[in-house]
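Proteins come first, then strands; the chains are lettered A, B, ... in the order of their sequence lines, and each starts at number 1.
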Amino acid sequence: MLRMSTLFLRTLREDPADAVVPSDRLLTRAGLVRRVAPGIFSWLPLGYLVYRNVERIVRAEMDAAGFQEVHFPGLLPREPYERTHRWTEYGDNLFRLKDRKGNDMLLGPTHEEMFTLMVKGEFSSYKDLPLHIYQIQIKYRDEARPRAGILRGREFVMKDSYSFDIDDAGLQRSYDQHRDAYIKTFDRCGLDYVIVSAMSGAMGGSASEEFLAMSEFGEDTFVQCTSCGYAANVEAVTTPVPVALPFDGVPAAHVEETPDTPTIESLVDLSNARFPRGDRAWTAADTLKNIVFRVTDPDGTQWALAVGLPGDREVDMKRLEAVLHPSVPEPFDESDFAARPTLAKGYIGPGALGEAKPAKVRYLLDPRVVEGTRWITGSDISGRHVYDLVAGRDFAADGTIEAAEIRDGDACQCGGTLTQARGIEIGHIFQLGRKYAQALDLTVLDEHGKSQVVTMGSYGIGVSRLVAAIAEQHHDDKGLTWPREIAPADVHLVATGKDEAPWVKAEELAAALEAAGLRVLFDDRRQASPGVKFNDAELIGVPTVVVVGKNLANGIVEVRDRVSGERADVPVDDALQHIIDACRA
RNA sequence: CGGGGCGUAGCGUAGUGGCUAGCGCGCGUGCUUUGGGAGCACGAGAUCGUGGGUUCGAAUCCCGCCGCCCCGACCA
């Protein structure tokens with residue numbers, strides 16, 4: 001039994017000045033966590049109870065799926081990460097340190113290497129597969145900017161698991177098993193979440209999905225189709241390709257004088273003033289904007305890329321980076337332009353773009369720029385634009401690219417419309433494939449005695465982040481409203497009143513509830529006023545609150561439901577059973 | 001790393017050149033109080049982030065440094 005009179009807890013009446021998101025504010029005010037350094041937190045007794053409840057659910061579902069728990073060190077040697085190139089690829093996000101001999105060490109940001117090497121050390125036959133192992137471990141990532149409290153720390157707890165299979169079909173089965181286990185886990189946590197397609201990105205491999213808890217404070221933007229159920233991270237959204245248009249009646253392309261129109265807006269204004277369209281006004285969507293980037297490959301090679309897209313859209317850097325990964329795009333700077341005199345800044349057009357052209361700029365188009373679409377675009381001469389330039393007739397590109405910003409109302413592949421929302425990434429599952437097994441030489445013998453590289457899946461849950469994600473979704477203006485399985489207790493029992501009787505009865509009831517197997521948080525503080533106790537109970541968010549006070553004189557105790565706010569006056573003699581029923585409902 | 005803001009008691013804050021740094025919460029002692037953050041009295045708690053400078057006098061003005069928060073870039 002937890003007694004408030006002795007609990008190591010101090011709730012705060014005021015919001016901490018630095019806390020911005022609801023979960024951070026409430027977890028701090030309710031005395032569950034305290035910030036120690038940016039992105040680094042301590043768990044106090046009540047918070048640690050909540051944390052362990054979440055961890056227990058995650059572990060239980062992993063175990064139920066038949067996965068086996070292991071535990072790696074958080075402090076790791078450099079060498080395995082050197083072999084997979086992550087010692088360098090992880091960059092500044094890796095916490096690095098040296099031991100007394102001067103050897104490089106790191107605090108593990110994730111443990112693919114360790115899992116792979118462990119399996120390599122023990123298993124060597126296809127008969128040993130499939131294998132699923134997991135750990136719940138503190139991870140360290142030196143984020144450039146930790147924020148939002150527990151939601152995004154530099155030290156956090158993650159459950160990471162890995163599957164090992166001999167072939168692709170096995171990997172798919174393993175992936176599906178994990179997906180099911182994750183659904184059960186997040187359902188038990190009482191979360192409202194979506195499963196979205198994600199970019200497999202750096203890790204390689206094919207299938208990849210993210211579990212996003214709905215929250216306006218989430219850092220991931222995703223889209224959902226209002227009609228077909230499709231959901232995807234913005235980075236992974238694909239744009240439907242419009243049907244090609246006939247262009248028989250379109251006049252031949254012609255260059256016009258358009259002085260001082262380096263921006264789309266100025267170009268549209270000038271076009272309407274000097275070259276009116278007749279049937280309607282020109283808009284930004286009639287222009288073809290070409291944005292150039294310098295792209296750096298992992299091996300250091302640099303090349304130029306132009307993205308052509310309708311003038312009413314911006315390039316979404318996140319989407320561009322996601323498609324190009326692991327290469328890194330940066331906007332052209334003055335020296336890049338200087339090196340390519342055929343590119344007229346502000347007036348760049350398809351005429352100068354393409355790998356075959358002198359500037360050697362790889363030219364990729366937004367899928368919306370299909371054959372037959374007609375555009376106003378740069379003529380590659382400062383102060384002039386081309387009109388009626390028709391895609392497929394007057395120009396072609398090296399390919400297409402998904403890099404344009406996504407907007408609410410954009411079309412889905414199914415013909416429906418997409419809407420955007422934000423979410424907190426609570427889980428990520430993906431088919432790693434053979435990248436790590438290859439790099440670390442994890443092979444097993446198949447049934448023909450031939451050596452085969454193992455194929456892996458990688459699956460993560462942000463355990464500590466889950467606590468914050470649940471808090472984001474389960475609170476009201478008074479405080480936290482934990483789902484029962486997550487809550488630090490089943491019953492928050494408040495004793496109050498000037499007579500001795502309620503205190504005696506409350507003690508008795510607390511003991512009886514505990515004997516019945518319920519977890520009891522007993523507010524037995526003598527000095528605190530009723531108002532303080534009620535407010536603390538609401539802040540802390542235990543689902544069932546019981547008040548033994550002045551109504552005991554009438555044989556009544558009060559049972560409150562924290563979430564619904566319902567209050568029931570219950571005869572003392574029925575109280576025990578009533579509370580047990582309420583907690584087991 | 002770019003842009004913005006802020007460092008005053010455990011927490012929230014006032015104080016823009018004048019000597020004793022103020023208030024609320026919390027904390028301690030005593031009395032009163034116990035159904036919605038109680039009252040009274042007394043009390044403890046701050047080298048005003050840090051180093052230097054200006055000045056008769058600096059929390060306050062100037063310069064450097066450190067730290068923190070927010071937006072962006074980046075990320076479970």
Side-chain angles (χ1 to χ4, degrees), chain A residues 9-21 24 28-29 31 34-40 90-94 108-111 137-160 198 201-203 210-213 218-220 235 317-318 320-322 325 328-331 423-430 458-466 468-469 478-479 494-503 523 525-539 545 547-553 556-558 560 567 569:
Chain A
L9 171 74
R10 190 104 298 150
T11 57
L12 304 177
R13 189 181 295 214
E14 287 156 304
D15 278 334
D18 292 342
V20 143
V21 299
D24 191 20
T28 304
R29 273 193 62 200
R34 289 290 180 258
R35 200 186 69 95
V36 169
I40 302 178
Y90 237 99
D92 289 337
N93 272 8
L94 193 62
T110 169
H111 285 74
Q137 171 63 277
I138 298 177
K139 307 284 187 186
Y140 295 88
R141 294 185 193 175
D142 194 1
E143 296 289 342
R145 186 154 94 83
R147 67 184 89 176
I150 298 286
L151 269 185
R152 183 162 165 205
R154 295 191 293 170
E155 179 187 274
F156 57 96
V157 177
M158 181 168 149
K159 186 286 306 174
D160 53 329
M203 304 300 197
E210 286 172 350
F211 291 71
L212 301 180
E219 57 206 39
D220 278 37
E235 294 171 4
M317 284 307 285
K318 287 193 175 187
L320 180 63
E321 284 165 11
H325 198 99
V328 179
E330 288 168 281
I424 300 162
E425 185 175 350
I426 47 177
H428 195 167
I429 54 178
F430 57 98
S458 162
Y459 319 90
I461 290 180
V463 183
S464 48
R465 169 179 281 188
L466 263 183
K478 296 191 173 78
V494 173
T496 179
K498 53 179 166 251
D499 302 326
E500 220 20 54
W503 300 88
D523 196 342
R525 291 174 297 177
R526 289 279 182 163
Q527 74 290 357
S529 70
V532 169
K533 295 180 177 186
F534 297 152
N535 281 307
D536 276 350
E538 278 151 358
L539 226 203
V545 179
V547 183
V548 182
K550 68 176 185 192
N551 287 335
L552 186 67
I556 297 290
V557 303
E558 186 178 320
R560 303 178 180 178
R567 301 177 180 200
D569 284 338

*Can you tell me, in whole Å, how much space there is between the P of B:A58 and that of B:G51?*
15 Å

*asked:* Defining pairs by Watson-Crick or G-U wobble geometry with both distances under 3.5 Å, how would you list the stems of RNA chain B with at least three pairs each?
replied: B:1-7 with B:66-72, B:10-13 with B:22-25, B:27-32 with B:38-43, B:49-53 with B:61-65

*asked:* What is the distance, to the nearest angstrom, from the NZ atom on A:Lys498 to the P atom on B:A38?
replied: 16 Å

*Name the nucleic acid region contacted by A:Gly549, choosing base, sugar-phosphate or nothing; use a 4.0 angstrom heavy-atom cut-off, strictly under.*
base

*Take atom C1' in B:G72 and the same atom in B:C25, then report the distance between them in whole Å.*
36 Å

*Select base, sugar-phosphate, or nothing to describe what A:Glu425 touches, counting heavy atoms under 4.0 Å on all strands.*
sugar-phosphate

*B:G17 and B:U29: how far apart are their P atoms, nearest whole angstrom?*
42 Å

*Any chance you could list the contact pattern along nucleotides 24-31 of chain B? Use B for base contacts, S for sugar-phosphate-only contacts and - for none, protein heavy atoms under 4.0 Å, 5' to 3'.*
BSSS----

*Starting at CZ of A:Arg152, measure out to CD of A:Glu425 and round the result to the nearest 0.5 Å.*
11.5 Å

*What residues form a side-chain contact (heavy atoms from CB on, under 4.5 Å) with A:Asn535, not counting sequence neighbours?*
A:Glu538

*Base, sugar-phosphate, or nothing: which does A:Asp15 touch, judged by heavy atoms less than 4.0 Å apart?*
sugar-phosphate

*Which residues satisfy the ring-ring contact (aromatic ring centres under 6.0 Å, His included) test with A:Tyr459, sequence neighbours excluded?*
A:His178

*How long is the span from the NZ atom in A:Lys478 to the CG atom in A:Leu539, to the nearest 0.5 Å?*
11.5 Å

*Roughly how far apart, to the nearest Å, are B:A14 and B:G49 at atom P?*
14 Å

*Among all residues two or more places apart in sequence or in another chain, which pass the salt bridge (Lys or Arg N to Asp or Glu O under 4.0 Å) test with A:Glu219?*
A:Arg465

_I'd like to know whether A:Val157 forms a side chain to side chain contact (heavy atoms under 4.5 Å, CB included) with A:Gln137, so could you lay out the CA-CA distance, the side-chain angles of the two residues, the decisive distance to 0.1 Å, and finally the verdict._
CA-CA 5 Å; A:Val157 177; A:Gln137 171 63 277; over 6 Å; no

*Could I get the full list of salt bridge (Lys or Arg N to Asp or Glu O under 4.0 Å) partners for A:Asp536, not counting sequence neighbours?*
A:Arg525

*How long is the line joining CZ of A:Arg525 and P of B:G37, in whole Å?*
14 Å

*Roughly how far apart, to the nearest Å, are B:U50 and B:G7 at atom C1'?*
11 Å

*Just jot down the side-chain contact (heavy atoms from CB on, under 4.5 Å) partners of A:Pro109, sequence neighbours excluded, or say none.*
A:Tyr81, A:Tyr90, A:Leu94, A:Leu106, A:Arg141

*Could you state the CG-P distance from A:Asp523 to B:G35, rounded to the nearest angstrom?*
14 Å

*May I ask you to say what A:Gln137 touches in the nucleic acid, namely base, sugar-phosphate or nothing, with a heavy-atom cut-off under 4.0 Å?*
nothing

*For the pair made of CZ in A:Arg34 and P in B:G12, what is the distance, rounded to whole Å?*
10 Å

*Go through B:G35, B:C75, B:G36 for me and flag the one nearest to the A:Glu558 side chain.*
B:G35

*Return the set of residues passing salt bridge (Lys or Arg N to Asp or Glu O under 4.0 Å) with A:Arg29 (not counting sequence neighbours), or none when no residue passes.*
A:Asp15

*In whole angstrom, give the distance that lies between atom CD1 of A:Ile429 and atom C1' of B:A76.*
14 Å

*asked:* Restricting to side-chain contact (heavy atoms from CB on, under 4.5 Å), what partner residues turn up for A:Arg154, sequence neighbours left out?
replied: A:Pro38, A:Ile40, A:Phe95, A:Asp142, A:Glu143, A:Pro146

*asked:* Using the C1' atom as the point on both nucleotides, what is the distance between B:G43 and B:G26, in whole Å?
replied: 15 Å

*Rounded to the nearest Å, what distance is computed from the CD atom of residue A:Glu330 to the C1' atom of nucleotide B:C1?*
12 Å

_Listed partners of A:Arg10 passing salt bridge (Lys or Arg N to Asp or Glu O under 4.0 Å), at least two apart_ = none

*asked:* Measuring only the P atom in each nucleotide, how far is B:C68 from B:C11? A whole number of Å is fine.
replied: 15 Å

*What string of B, S and - do you get for nucleotides 66-73 of chain B, 5' to 3', when a contact is any protein heavy atom under 4.0 Å?*
--SSBBBB

*Rounded off to whole Å, could you give me the CZ-to-C1' distance for the A:Phe534 and B:A38 pair?*
14 Å

_Within the 4.0 Å heavy-atom criterion, would you say A:Leu151 contacts the bases, only the backbone, or no part of the nucleic acid?_
base

*Indicate yes or no: at least one non-hydrogen side-chain atom of A:Val547 is less than 4.5 angstrom from one of A:Arg560.*
yes

*Calculate the interatomic distance between A:Arg526 atom CZ and B:A38 atom C1'; express it in whole Å.*
17 Å

*Could you tell me which residues satisfy side-chain contact (heavy atoms from CB on, under 4.5 Å) with A:Leu9, sequence neighbours excluded, listed by chain and number?*
A:Met4, A:Leu7, A:Thr11, A:Leu46, A:Ile540

